[in-house]
Amino acid sequence: MKTAERPQNLATAVREALVVAMEADADVCVLGTDVGEFGGVFRVTSGLLERFGKERVIDMPLDPAGVVGTAIGMALYGLRPVAELTFADHAYGAFEQLTSELARVRYRSNGQLACPVVVRMAAGAGGGGGIHHSAHPEAHFVHTPGLVVVCPSTPADAKGLMLSALRGEDPVVFLEPQALYRRSGGDAPEGDAGVPLGVAREVRAGSDLTIVTWGAMVRVCEDAAAKAAADGVECCVIDPRTLWPLDLDAIAASVAETGRCLIVHEAPRSGGLGAEITALVQERCFLHLEAPVTRVTGFDTPVPAALEDAYVPSVARVLAAIDGIMSF
Amino acid sequence: MSDKESQRFLDDAATEDLGKDRLRDAYQQMVGIRRFEERAAREYASGRISGFCHLYIGQEAVAVGTNLALEAKDHMITAYRDHGHALIRGCTPRNVMAELMGKVTGNARGRGGSMHMFAADKGFHGGHGIVGGHIPLATGIGWASRYEKRGEVVVCFFGEGALNQGAFYESLNLAALWKLPVVYIVENNRYAMGTSLERASAVVDLYKKADAFGMPGVVVDGMDVSLVHKTVKEAADRAREESIPTFIEARCYRFRGHSMSDPAKYRTNEEVEERKLSDPIVLVAATLKKRGWATDEELEAWDDAAKEAAADASDFAIESPQPDLKDVGRYVYAEPLQWSPDAHTTPHVRD
C-alpha cells in the first residue's frame with residue numbers, strides 16, 4: 001500500500017492520517033463493519049488490515065451501537081480507537097452510546113476517565129442514497145456537550161484534522177462528506193502534519209460579505225464567490241472545519257469587516273448549526289451588521305433521492321442569497 | 001453426467017403438499033422477480049438507476065414460498081433488499097421500476113429508491129434501509145394484530161447481518177413474552193455486505209437463537225420454494241391459531257454482489273458457481289417438468305412474459321416524469337409543508 005498517494009482525495013487523505021498515526025502509536029486501532037478485509041465501504045481503510053493486522057484493524061458485525069460502545073471501552077482502557085459507522089445515518093442506531101456514554105464519560109467520572117474515540121462517518125448527499133443514507137447530522141452532535149465535531153472540506157484538512165483528533169483528549173465525531181471522497185484538490189503535506197482543531201480556514205478573502213460554510217458546501221460557495229466577484233461583490237469564505245467548538249473569533253472578525261453574513265449548510269434549516277451561528281454572530285456583531293444574517297440550507301425534509309440536486313444548496317441558490325443580502 | 005452436474009429437484013413431499021397450481025404460480029412469480037432484477041441491473045449499468053440497488057437474484061424462493069403460505073389479510077415487512085417482496089405483495093413492476101429510476105410514478109414518488117418500497121393497502125409495510133431498524137416494527141404490528149383479533153399474521157424478513165443488532169433480540173423477546181402472531185424470517189445469504197456469517201456471528205446455526213426466547217426456531221433450505229412454503233405455513237398456522245411467534249432461518253444465497261457497486265471479492269467464483277447448481281428457479285423448472293406439471297413451451301412462455309413485464313416496467317419508468325420540486329414538502333407532516341423557491345433561504349423583510 002502506498003502511504004502517500006498524490007493527488008489525494010478525501011478517502012486517501014483520511015487513510016494517510018490513519019497510517020501515520022498507527023505507525024507512530026500502537027494504541028491506535030480501527031474498528032467497524034467491513035473496515036478490514038473489505039477495506040471499508042468507501043475504501044478509506046483499504047490496505048490497513050494487511051499493514052497492521054487484525055488485532056488493530058477489527059472487522060465488526062453490522063451493529064453501530066456495538067461499534068461505538070466497544071470503542072468507548074477500548075478508550076477507557078487507554079487505547080485510541082477509530083470507529084467507522086459507514087453512513088452518518090447509522091449513527092442514529094448508536095445514538096445512546098454517542099450521547100449518553102461517549103460524550104459524558106469525562107463529566108460523569110469527575111474527570112477520572114477520558115474517552116478519546118474518533119467516530120468516522122460518511123455525511124451528506126452525493127450518491128443518490130436517499131432517505132436512509134444521506135444525513136448530515138452535525139446539529140445533533142453540536143447539541144451534545146462533550147463531543148468535538150469535525151467536518152473537513154479538503155484532503156489536506158481531512159488528513160490534518162484526523163491526526164489532531166487522534167492526538168486530542170476528547171471524543172471527536174468526524175464527518176466525512178460523501179460527495180468529496182473521490183474528489184481531489186488541496187493535497188496535504190506528506191508525513192506527520194496536523195491541522196489544529198478549533199481553528200477556521202479562510203478559503204477566500206473578501207470585504208463585502210462573509211460566507212460561513214463547511215464540508216461539500218465549501219466548493220459550492222467558492223464557485224458562487226467567484227461568480228459574485230465578477231459582479232463586483234467580494235465574498236470572504238470561511239470554513240470552520242471544526243464545527244464545535246466553533247472558531248467564532250474568525251467568523252466575527254470577518255463579519256465585523258464585511259457587515260454581512262451568509263451561512264450555507266446541507267443539513268435541514270430548522271434547528272441546524274446555521275441557526276446557532278446566526279445567533280452567535282448577531283450577539284457578537286450586532287452593531288456591525290448591514291443586513292440580516294441569512295441561511296441557505298437543505299430543506300426541512302428527509303433527503304429525497306430523486307430531488308437530491310435540488311435539496312443540496314447550489315451555486316444558483318447561494319448567488320440568489322448573496323444578491324438578496326447585498327441589495328438589502 | 002457427473003454427480004456434481006446432476007439435476008437437483010425440489011423436496012418431493014413438500015412439492016406434493018404445495019401442489020401443481022401453486023408450484024406453477026411460484027415459478028411465474030420467481031421468474032418474474034428474476035427478470036425484473038436483471039432488467040434493473042441493466043438499467044443501473046445504463047445510468048438510468050442511480051444510488052443504491054440491492055438485487056434479490058438467487059433468493060426468490062424465500063419471498064415467494066413465504067407469500068404462498070400467507071393470506072391476503074396478512075402483513076409483510078422487510079429490509080432493504082426488497083424488490084422481490086414488493087413485487088409479490090402489492091407493488092407492480094411499473095411502480096417498483098419507476099421508484100428505482102426516481103420517477104414520480106414510483107411507489108414512494110421517487111424519494112426513496114431501491115430500499116423504500118411500500119404497499120400499505122396490501123399489508124406490505126415496506127422495505128427499510130437501516131439494517132435491523134424495522135424488526136421492532138413487526139413486533140408492534142403483531143401486537144396490534146393480536147389486539148384487533150382478526151387472525152392476521154405478520155411476516156418480518158431481514159438478513160443475517162441484522163441478527164447482530166440489539167433490535168433483533170429486543171423484538172423477539174417481546175414477541176415471545178407477549179405471544180404475538182409474528183413469523184420472523186432471517187434470509188441467511190451468508191454475507192452481510194462483505195462479511196461472511198462466520199466472521200460476524202459466534203453462533204452460525206442461527207435458528208438456535210430462538211431458544212433464548214423460548215420460541216420455536218426452525219431452519220429451512222431457502223433455495224427450495226416448496227420447503228419454504230411448508231415451513232412458513234406451519235409457522236403461520238401456529239401464529240394464527242395459537243398466537244405463537246416463530247423464528248425461521250432460511251439458508252439461501254445471493255448470486256450478485258451486496259449492491260451494484262460490490263465486486264464481491266470476499267467470496268470465490270467457484271463458490272458462487274456451486275451455489276448456482278441450486279438456483280431456486282432451475283429447481284422449480286426441473287421439478288415441474290419431471291412431474292409433467294408444465295411443458296417446456298409453458299416455461300418458455302412464462303419466461304417471455306416475465307421479460308416483457310420487466311421491459312414494460314422500464315419503458316413506463318423511462319417515460320414517467322421526475323417528481324415536481326413543489327411537492328417536496330408533501331408527507332413530511334400530515335399537513336403539506338409549502339415549498340417555494342426561497343423557502344429554504346431566509347427571506348428578508350424590511351418592515
Side-chain angles (χ1 to χ4, degrees), chain A residues 33-34 36-41 59-66 86-87 89-90 92-93 96 125 127-134 262-264 268-270 274 278 291-311 313 317-318 320-321 324-325 327-328, chain B residues 49-52 80 99 101-104 106 108-116 128-133 159-167 192-196 199-201 258 261-262 265-266 322-325 327-332 337 339 341-350:
Chain A
T33 304
D34 276 341
E37 287 192 16
F38 196 80
V41 166
D59 272 322
M60 286 193 64
L62 234 160
D63 172 20
T86 318
F87 292 91
D89 306 67
H90 297 175
Y92 303 146
E96 195 264 330
I131 296 167
H132 278 160
H133 293 80
S134 307
L262 171 65
I263 299 148
V264 181
R269 181 174 60 156
S270 301
T278 303
V293 180
T294 301
R295 290 169 288 166
V296 174
T297 67
F299 305 155
D300 280 350
T301 71
V303 182
L307 296 170
E308 184 183 282
D309 289 346
Y311 175 98
R317 281 169 66 194
V318 174
I325 294 168
S327 60
F328 181 79
Chain B
I49 297 173
S50 60
F52 295 95
Y80 53 84
E99 187 60 34
M101 292 192 193
K103 299 301 182 71
V104 72
R109 303 178 76 82
R111 293 161 166 190
S114 171
M115 299 179 274
H116 306 267
H128 293 262
I130 299 295
V131 173
E160 84 285 351
L163 265 62
N164 300 312
Q165 301 247 0
M193 298 198 296
T195 303
S196 67
R199 294 177 54 232
S201 182
H258 162 73
S261 56
D262 171 16
K265 287 181 180 162
Y266 44 81
Q322 302 274 349
D324 194 325
L325 188 54
D327 290 331
V328 73
R330 281 178 76 179
Y331 308 122
V332 180
L337 296 177
W339 191 90
D342 60 357
H344 293 81
T345 303
T346 324
H348 297 136
V349 181
R350 263 213 114 103

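Residue numbering restarts at 1 for every chain, and letters A, B, ... go by the order of the sequence lines. On a predicted model such as this, the values are computed, not experimentally measured, just so you know.
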Is chain B contacted by the side chain of A/Val41, its backbone, both, or neither, given a heavy-atom distance below 4.5 Å? side chain
Most chain A-contacting option - heavy-atom pairs closer than 4.5 Å, from B/Leu163, B/Ile130, B/Thr195, B/Leu325: B/Ile130
Rounded to the nearest 0.5 Å, what separation is found between the CZ atom of A/Arg295 and the OG1 atom of A/Thr278? 5.0 Å
What residue in B/Gln165, B/Lys103, B/Arg199 has the most heavy-atom pairs under 4.5 Å with chain A? B/Arg199
Main-chain N/O of A/Ala306 paired with B/Arg109 side-chain donor or acceptor, under 3.5 Å: no
Non-neighbouring partners of B/Ser50 that pass side-chain contact (heavy atoms from CB on, under 4.5 Å), sequence neighbours left out: none
Got a second to check how far A/Asp34's CG is from A/Asp59's CG, nearest 0.5 Å? 6.0 Å
Who pairs with A/His133 by side-chain contact (heavy atoms from CB on, under 4.5 Å), at least two apart in sequence or on another chain? A/Phe87, A/His90, B/Phe52, B/Met115
Heavy atoms only, distances under 4.5 angstrom: which of A/Gly129, A/Pro64, A/Gly130, A/Pro313 has the most pairs with chain B? Name it, please. A/Gly129
Determine the option with the most heavy-atom pairs under 4.5 angstrom with chain A, choosing from B/Gly129, B/Gly112, B/Ala192, B/Ala200. B/Gly129
